[in-house]
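Let me begin by presenting the structure, written as structure tokens, before commenting on it.
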Amino acid sequence: MTCMAMALCVSCKKDDNNEPSGGHEYVDLGLPSGLLWATCNVGADKPEDYGDYFAWGETATKASYSWDTYQWCNGSYNNLTKYNSDPDYGTVDDKTMLEPADDAAHVNWGGVWRMPTLDELEELEDNCTWEWTAQDGKDGYRVTGSNGNSIFLPAAGCYYGDSISYAGSFGYYWSSSHGDGLPFGSYDLGFDSAYLGTNSYDRYYGHSVRPVCPSQN
């Protein structure tokens, strides 16, 4: 599906030469890295739509989000089967970043679309102006870069168990980076109207995914 363009969006329709694909659109926010941010979440048709929710390292939605249903463990947080560096918590593989096959942005959108790293979330936080606002009735942040271009991140809440919590009040956006502390957590960008920051959350929660792609220059 194609998201409607916001400020100076470019349609990503190329499949060759290591470029984005699928007709999705991105915005150049003038970031130091040159990273380009998609205009909408995975599963959304418009920037203000919530889209789909994914457990960290999973690429499909599901009816319920818990350790019992999480793909990369055997039923509990201390029996992990992938992305773990501590033998007290399961199988050790020392993987600290999502592989492409486990990246919801890459699997669902193709091309070189992917989830942002922790550093890239922090770059977005540090180099843009964040304004809590509403777009077509949905609360969230308008994120404006130094060049005046912007994206909208809706406060889509999160999936816990079989229901959505905090929709309209909080936003949770996964990174591709594994948590440095307890291995059952991974990093995301969380916010409400008074708070913005990166945190480590239990990997089984269903959070939003906003894809990124490298500069096309």
Side-chain angles (χ1 to χ4, degrees), residues 37-38 41-44 50-86 88-91 93-99 102-108 114-126 130 132 139-141 143 153-212:
W37 281 78
N41 294 343
V42 175
Y50 292 161
D52 293 331
Y53 300 81
F54 301 90
W56 189 84
E58 296 185 0
T59 60
T61 61
K62 53 189 179 181
S64 181
Y65 294 75
S66 68
W67 287 120
D68 287 339
T69 65
Y70 183 58
Q71 180 177 356
W72 302 117
C73 78
N74 286 322
S76 68
Y77 71 94
N78 59 358
N79 198 0
L80 301 172
T81 59
K82 194 173 184 180
Y83 302 107
N84 177 39
S85 57
D86 188 336
D88 291 336
Y89 289 89
T91 303
D93 57 14
D94 290 324
K95 296 180 186 295
T96 60
M97 299 291 293
L98 282 177
E99 296 178 340
D102 303 324
D103 184 314
H106 179 70
V107 170
N108 285 279
R114 59 174 176 80
M115 292 164 59
T117 66
L118 173 63
D119 287 345
E120 290 164 347
L121 287 178
E122 292 177 340
E123 179 188 53
L124 186 73
E125 179 183 358
D126 294 341
W130 293 68
W132 184 262
D139 288 333
Y141 273 105
V143 185
L153 296 177
C158 68
Y159 246 99
Y160 174 79
D162 60 0
S163 62
I164 298 175
S165 299
Y166 309 117
S169 300
F170 289 83
Y172 305 91
Y173 285 79
W174 281 129
S175 78
S176 59
S177 303
H178 191 350
D180 291 332
L182 295 175
F184 52 79
S186 294
Y187 285 110
D188 83 343
L189 179 69
F191 59 73
D192 63 14
S193 61
Y195 171 79
L196 172 68
T198 53
N199 308 275
S200 180
Y201 276 89
D202 286 358
R203 290 154 54 174
Y204 74 84
Y205 278 95
H207 287 184
S208 302
V209 169
R210 178 61 63 95
V212 296

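- The closest side-chain donor-acceptor pair between Asn78 and Ser76 falls under 3.5 angstrom.
- Test Tyr204, Tyr70, Phe184 against Trp56 for side-chain contact (heavy atoms from CB on, under 4.5 Å) and you get one pass: Tyr70.
- In this structure, the side chain of Arg203 engages the main chain of Pro183 through a donor-acceptor pair within 3.5 Å.
- Inter-residue side-chain proximity for Asp202 and Trp67 is flagged as met; some heavy-atom pair is nearer than 4.5 Å.
- Within the 4.5 Å cutoff, the side chain of Lys62 has no heavy atoms near those of the Gln71 side chain.
- For Asn41 and Tyr173, the side-chain atoms include at least one donor-acceptor pair closer than 3.5 Å.
- Ring-plane geometry between Tyr89 and Tyr77 is classed as tilted, the angle between the planes lying from 30 to 60 degrees on a 0 to 90 degree scale.
- In terms of the ring-ring contact (aromatic ring centres under 6.0 Å, His included) criterion, residue partners of Tyr201 (sequence neighbours excluded) are, by chain and number, Tyr172, His207.
- Here the NZ-NZ distance, from Lys95 to Lys82, works out to 6.0 Å after rounding to the nearest 0.5 Å.
- Partners of Phe54 according to the ring-ring contact (aromatic ring centres under 6.0 Å, His included) rule, which considers only residues two or more places apart in sequence or in another chain, do not exist here.
- Ring-centre distance between Tyr65 and Tyr160: not below the 6.0 Å cut-off.
- Between Glu99 and Tyr83 there is a side-chain heavy-atom pair separated by less than 4.5 Å.
- Using a 4.5 Å heavy-atom threshold, the side chains of Val42 and Pro211 count as touching.
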